[in-house]
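Notes for the one structure printed next.
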Amino acid sequence: MSLLLEADRIAREYSQAATTPRLAQLTNVVKTYRGFVALDGLNLEVRAGEILVLLGPNGAGKSTAIKLLTGLRSADSGSVRLFGADPRATKTRRELGVTPQNVDFPPMLGVTEIIDLVRAHYAHPVGTEALLAQFELVGQRKRSAGGLSGGEARRLAVAVAFAGAPKLAVLDEPTTGLDVESRRAVWRAIRSYVAGGGTVLLTTHYLEEAEALATRIIVMHHGRSFFEGSVEQIKGRLGIKKVIVHGDVSTPIGDVLEVQRENERSVLRTKNVDAVIEALLQRGVRFDDIEIQPVSLEEAFLDLTGAAS
Amino acid sequence: MMSTAVLRKHIWIDTIELIRVPMYSVSTIVFPTLLYLMFGLPYGHTTESAQIIMASFCAYAVIGVTLFQFGVSIATTRDSPWEQYLRILPVGPATRLTAQVSAALFFASASVGVVILTATFVGHAHPDFMLLAKLIPTLLLGSIPFALLGITIGYSCGRRSALPIANLIYLPLSLAGGLWMPPDALPKFIRMLSPFVPSRHYGEVAWAIVRGTPTPWASWLWLIGYGLVFAVTAYVGYRRDEGRNYA
């Protein structure tokens with residue numbers, strides 16, 4: 001029965017995916033920099049209305065993928081399409097908003113001058129006031145970029161991505177270096193933009209951020225898409241759960257991959273929860289002393305990329 | 001296709017960004033006039049000599065703007081994240097270049113304007129409208145080879161070396177060109193070199209306007225020749241930078 005439900009869910013997902021327009025597509029893309037293979041046959045698509053998060057360790061190729069998608073660089077081979085056209089052409093980028101990874105706004109330009117410069121490139125930009133309020137920059141409006149703190153400059157960098165009310169916003173590590181409060185403000189802005197019909201592609205180092213925002217995640221490793229799915233699917237990818245037992249489990253149990261002792265508890269990592277619990281109960285462990293936990297995204301992520309290398 | 005609203009915005013931003021850097025605006029707008037006051041003003045006793053000296057320092061001012069604005073600006077920004085961000089915006093390279101040239105025109109006009117006003121009100125120059133209507137376009141047209149030299153510096157020098165290198169070219173070029181003192185008053189060795197440097201021919205075309213002598217076509221040919229050479233070096237530098245940073 002559950003298999004049937006699962007098959008039904010997958011079928012529905014596929015039919016949805018088939019009808020949702022693709023805003024951006026990388027197909028079989030290879031990119032090398034002086035012998036270093038940054039992208040090695042990457043396939044990736046951004047579907048309308050989603051928040052697609054690119055996860056991966058440094059050097060996985062996330063930023064290179066974004067450089068290709070925003071027209072900053074061209075692929076050695078494979079195809080790169082943005083809104084169905086070549087992102088290297090100026091007019092293709094009319095409905096694209098971007099947050100660069102490292103910002104160095106000209107120190108002599110004012111906050112509102114920078115926002116207005118960006119707005120001038122778009123047909124239906126967001127109002128400057130609304131943008132300042134959304135990114136908590138109202139107090140900094142009269143400042144020049146050189147006088148902003150790191151966090152304020154970062155918020156301005158994210159704000160300009162949304163200034164043109166674009167169809168697709170590409171955010172390369174939007175919250176790196178932000179304090180918790182600023183990060184939440186950025187998250188709110190991203191969610192409200194998507195609720196209003198926008199689409200987001202973002203890279204991040206923070207698993208918490210992926211968990212909070214992503215409707216879909218692509219894990220990149222060595223220049224390829226290593227895994228693709230929802231947060232839940234990534235966690236379930238290896239099917240590993242943690243069985244926590246209060247007390248010592250000294251003798252080995254079949255199906256347990258790893259045992260960790262934490263004070264009074266033993267943490268057993270396994271793919272086969274049923275078998276492990278049965279074995280524990282047979283050994284006289286009380287059911288009340290057993291706890292089952294899913295692994296965190298961070299653990300699943302480490303398992304995924306660890307298995308790849 | 002160039003949108004005028006976007007172009008206006010880029011011109012505005014490119015201009016105010018530089019105006020607000022005192023080291024840039026003071027050195028391009030005020031320095032030529034200061035040098036004029038020290039080395040030019042004392043020698044311009046007659047209207048004609050005063051106007052020739054005025055034209056020399058105007059030429060000196062324009063060369064400075066072209067070398068610094070194109071040379072130093074390009075070298076310091078070409079691989080910056082902000083430059084990369086601007087390239088992602090839906091704006092073509094033609095709009096960006098037009099804006100940069102417009103900002104350079106603004107600074108060139110300002111520095112030339114200050115020299116002319118000083119020469120008129122402090123010195124003995126009496127330029128009438130017709131003279132200025134010929135002199136200023138001549139200065140702008142003749143500055144094209146120097147702008148291309150500036151672009152060459154911008155794409156071949158590092159962000160730290162561009163400023164000293166621009167100065168190392170700018171000052172000897174101005175001296176050897178006879179822009180600070182008449183070519184005949186130069187030391188012998190420099191006087192021999194003078195007819196071969198582009199700044200000398202830039203001076204010649206400006207002096208001919210002031211003197212009312214016939215257009216020195218040979219000097220224009222020299223300027224065109226230098227222009228072609230620097231166009232090639234600028235293009236090679238540009239292509240190499242594109243290949244390195246944006247291929």
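Just so we're on the same page: letters track the sequence lines, and every chain starts at 1.
- Interface check for chain B: of the options R88(A), K67(A), R34(A), the most heavy-atom pairs under 4.5 Å are formed by R88(A).
- Across all non-hydrogen atoms, the minimal contact from L67(B) to F146(B) is CD2-O, 3.7 Å.
- Checked by atom type, the side-chain pair R141(A)/T112(A) shows no donor-acceptor distance below 3.5 Å.
- With a 4.5 Å cut-off on non-hydrogen atoms, D76(A) does not touch chain B at all.
- Across P106(A), G71(A), S74(A), the residue that shares the most heavy-atom pairs under 4.5 angstrom with chain B is P106(A).
- A side-chain donor-acceptor contact under 3.5 Å links T128(A) and R119(A).
- For the pair E83(B) (side chain) and S80(B) (backbone), a donor-acceptor distance under 3.5 Å is absent.
- Only the side chain of Y85(B) comes within contact range of chain A, judged by heavy atoms closer than 4.5 Å.
- Within the cation-pi definition used here (under 6.0 Å to the ring centroid, within 45° of the axis), R183(A) qualifies as a partner of Y206(A).
- If you measure heavy-atom distances from I16(B) to chain A, the contacts under 4.5 Å come from the side chain alone.
- Contacts of V160(A) with chain B are made by both backbone and side-chain atoms, with heavy-atom separations under 4.5 Å.
- Of the listed residues D116(A), V170(A), T99(A), L96(A), the one with more heavy-atom pairs under 4.5 angstrom with chain B than any other is D116(A).
- With a 4.5 Å cut-off on non-hydrogen atoms, Y33(A) does not touch chain B at all.
- Classification of D79(B) and R244(B) as a salt-bridged pair fails, no side-chain N sitting under 4.0 Å from a carboxylate O.
- The pair R188(A)-E136(A) meets the salt-bridge criterion, with a side-chain N (NZ, NE, NH1 or NH2) lying under 4.0 Å from an Asp/Glu carboxylate O.
- Contact count versus chain B (heavy atoms, under 4.5 Å) is highest, among V118(A), L117(A), I114(A), for L117(A).
- For T203(A) and D172(A), the side-chain atoms include at least one donor-acceptor pair closer than 3.5 Å.
- Between chain B and the residues V98(A), T70(A), D104(A), the most heavy-atom pairs under 4.5 angstrom are made by D104(A).
- Geometrically, R94(A) does not engage Y122(A) in a cation-pi contact, judged by NZ or CZ lying under 6.0 Å from the ring centre and within 45° of the ring axis.
- No donor-acceptor pair under 3.5 Å is formed between the side chain of R216(A) and the backbone N or O of E50(A).
- Looking at E113(A), its side chain does come within 3.5 Å of a backbone N or O of G110(A) through a donor-acceptor pair.
- Residue-level contacts of residues 18-40 of chain B with chain A, in order of numbering, are R20(B), V21(B); threshold 4.5 Å between heavy atoms.
- Heavy-atom pairs under 4.5 Å with chain B peak, among E95(A), K31(A), M108(A), R73(A), at R73(A).
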